[in-house]
Each structure stands twice: as structure tokens, then as C-alpha cells.
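In this text, all values refer to a predicted model and were calculated from it rather than measured experimentally.
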Amino acid sequence: MADFTRSDRVAVQLRKELSVLVHAAVRDHALPSASVSDVEVSRELDVANVYVTTLVSEQGPAAVAALKEMAGEFRRVLSRSLRMRRVPELRFRYDDSVDRGERIESLLRGDAPT
């Protein structure tokens, strides 16, 4: 059985909670369709990098900018639902791994120019 650090457990819990919050924000504020793909929490539990993907890659920067503006509100909601003394600072980033994977796949198929 693998040993999971506290930061790993906090990251999993934050991912669950933030997925629900981001989904609600997209619906309520007419944001570009976005979802949380991963959360990485620093060892000191003071910063959480939240990776977000969008259905349309061109909407990624707009979605991340909107979520960055809402980070304080998300943190406030999380402070009520999580049993932590201090909720980490949320830093939203666009996760381009899906875009890179699609590009590699199209290159392998020969669909796109190099």
C-alpha cells in the first residue's frame, strides 16, 4: 500500500470540492465550459495549483481569467466545507495536456502539417 502525504489527500479533497464549485460557476455566470483536471498542493499546504481544461481550447485563457477572479469566493466557500485551519491559495492554470495529446495524435495520423 502506497503512503500518501497530507498534501496528496488535501489535493484530492480540493479537486472534488472545486470540481463542483467550478461547474456551478460555469453554469451560473455563463463562463466558457471548463472543468478541473488536477490539483497540486504544495508541501506546506499554502498554495494549490488548480489545472483547468475547456472543451474549446481557444476559450481556455478566458475561463482561467474568470476563475482567477472568483478564487477568493471559492476559497471562502472551501473554508466552510473543509476541516482545515487554513485553505491554500488557489492558483488557476490552463491544462494544455489534452491539446498537446490531440496535436500529437493528428501528427501521427498525418492530418496536420508540421
Peer 1: Do Val50 and Arg93 come close enough that some side-chain heavy atom pair is under 4.5 Å?
Peer 2: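 No, every pair of side-chain atoms sits at 4.5 Å or beyond.
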Peer 1: Under the rule for salt bridge (Lys or Arg N to Asp or Glu O under 4.0 Å), what residues qualify as partners of Glu105, not counting sequence neighbours?
Peer 2: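 In terms of salt bridge (Lys or Arg N to Asp or Glu O under 4.0 Å), with neighbours along the sequence ignored, Glu105 is linked to Arg109.
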Peer 1: Distance check, rounded to the nearest 0.5 Å: Ser97 atom OG versus Glu102 atom CD?
Peer 2: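 So the gap between those two atoms works out to 10.0 Å.
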Peer 1: Do Leu45 and Ser7 have side chains that get closer than 4.5 Å, going by heavy atoms?
Peer 2: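 Yes; the side chains approach each other to less than 4.5 Å.
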Peer 1: Side chains of Phe92 and Asn49: does their closest heavy-atom pair fall under 4.5 Å?
Peer 2: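 Of all side-chain heavy-atom pairs linking Asn49 with Phe92, none is under 4.5 Å.
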Peer 1: If you compare all heavy atoms of Ala48 against all heavy atoms of Val39, which two are closest, and at what distance to 0.1 Å?
Peer 2: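 In terms of heavy atoms, the two residues are closest at CB-CG1, 4.3 Å.
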Peer 1: Quick one: does any side-chain atom of Arg15 pair with a main-chain N or O of Ser37 as donor and acceptor, under 3.5 Å?
Peer 2: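 Yes, because the side chain of Arg15 sits within donor-acceptor range (under 3.5 Å) of the backbone of Ser37.
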Peer 1: Residues in side chain to side chain donor-acceptor pair (under 3.5 Å) with Arg75, at least two apart?
Peer 2: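 Applying side chain to side chain donor-acceptor pair (under 3.5 Å) to Arg75 gives none.
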Peer 1: Please determine whether the number of non-hydrogen atoms from other residues, nucleotides or ligands lying under 6.0 Å from atom CZ of Arg86 exceeds 12.
Peer 2: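 Buried by this count: over 12 neighbours within 6.0 Å.
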Peer 1: Does Tyr51 belong to the same Ile/Leu/Val/Met/Phe/Trp/Tyr cluster as Leu31, with side-chain heavy atoms less than 4.5 Å apart forming each link?
Peer 2: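 Each belongs to a different hydrophobic cluster.
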Peer 1: For residues Asp8 and Thr5, determine if any side-chain heavy atom of one lies less than 4.5 Å from a side-chain heavy atom of the other.
Peer 2: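 Yes, close enough: below the 4.5 Å cut-off.
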Peer 1: Can you tell me how far CG of Leu18 sits from CG of Asp38, rounded to the nearest 0.5 angstrom?
Peer 2: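 One finds 11.5 Å between CG of Asp38 and CG of Leu18.
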Peer 1: Calculate, to the nearest 0.5 Å, the distance between atoms CD and CG belonging to Glu73 and Leu78 respectively.
Peer 2: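 Between atom CD of Glu73 and atom CG of Leu78 there are 10.5 Å.
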Peer 1: Taking the side chain as C-beta and beyond, is there a heavy-atom pair between Val36 and Asp95 under 4.5 Å?
Peer 2: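 Val36 vs Asp95: side chains apart.
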Peer 1: In terms of heavy-atom contacts, does NE2 of His23 have more than 12 from other residues, nucleotides or ligands at under 6.0 Å?
Peer 2: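 Result for NE2/His23: open.
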Peer 1: Quick one: are Val10 and Leu82 in side-chain contact, heavy atoms under 4.5 Å?
Peer 2: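 Not touching, per the 4.5 Å side-chain cut-off.
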Peer 1: Considering only residues two or more places apart or on different chains, which pairs with a residue in residues 53-68 satisfy side chain to side chain donor-acceptor pair (under 3.5 Å)?
Peer 2: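 Checked against side chain to side chain donor-acceptor pair (under 3.5 Å) - neighbours excluded - the pairs reaching residues 53-68 are Ser35-Thr53.
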Peer 1: Grab the two heavy atoms, one from Ala34 and one from Ala63, that are nearest each other, plus how far apart they are.
Peer 2: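 Answer, listing the atom of Ala34 first, then Ala63: CB-CB, 4.2 Å.
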Peer 1: With side chains defined as the heavy atoms from C-beta onward, is the minimum distance between Pro88 and Asp46 less than 4.5 Å?
Peer 2: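 Not touching, per the 4.5 Å side-chain cut-off.
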Peer 1: Output the distance between atom CE (Met84) and atom CD (Gln13), rounded to the nearest 0.5 Å.
Peer 2: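 So the gap between those two atoms works out to 10.0 Å.
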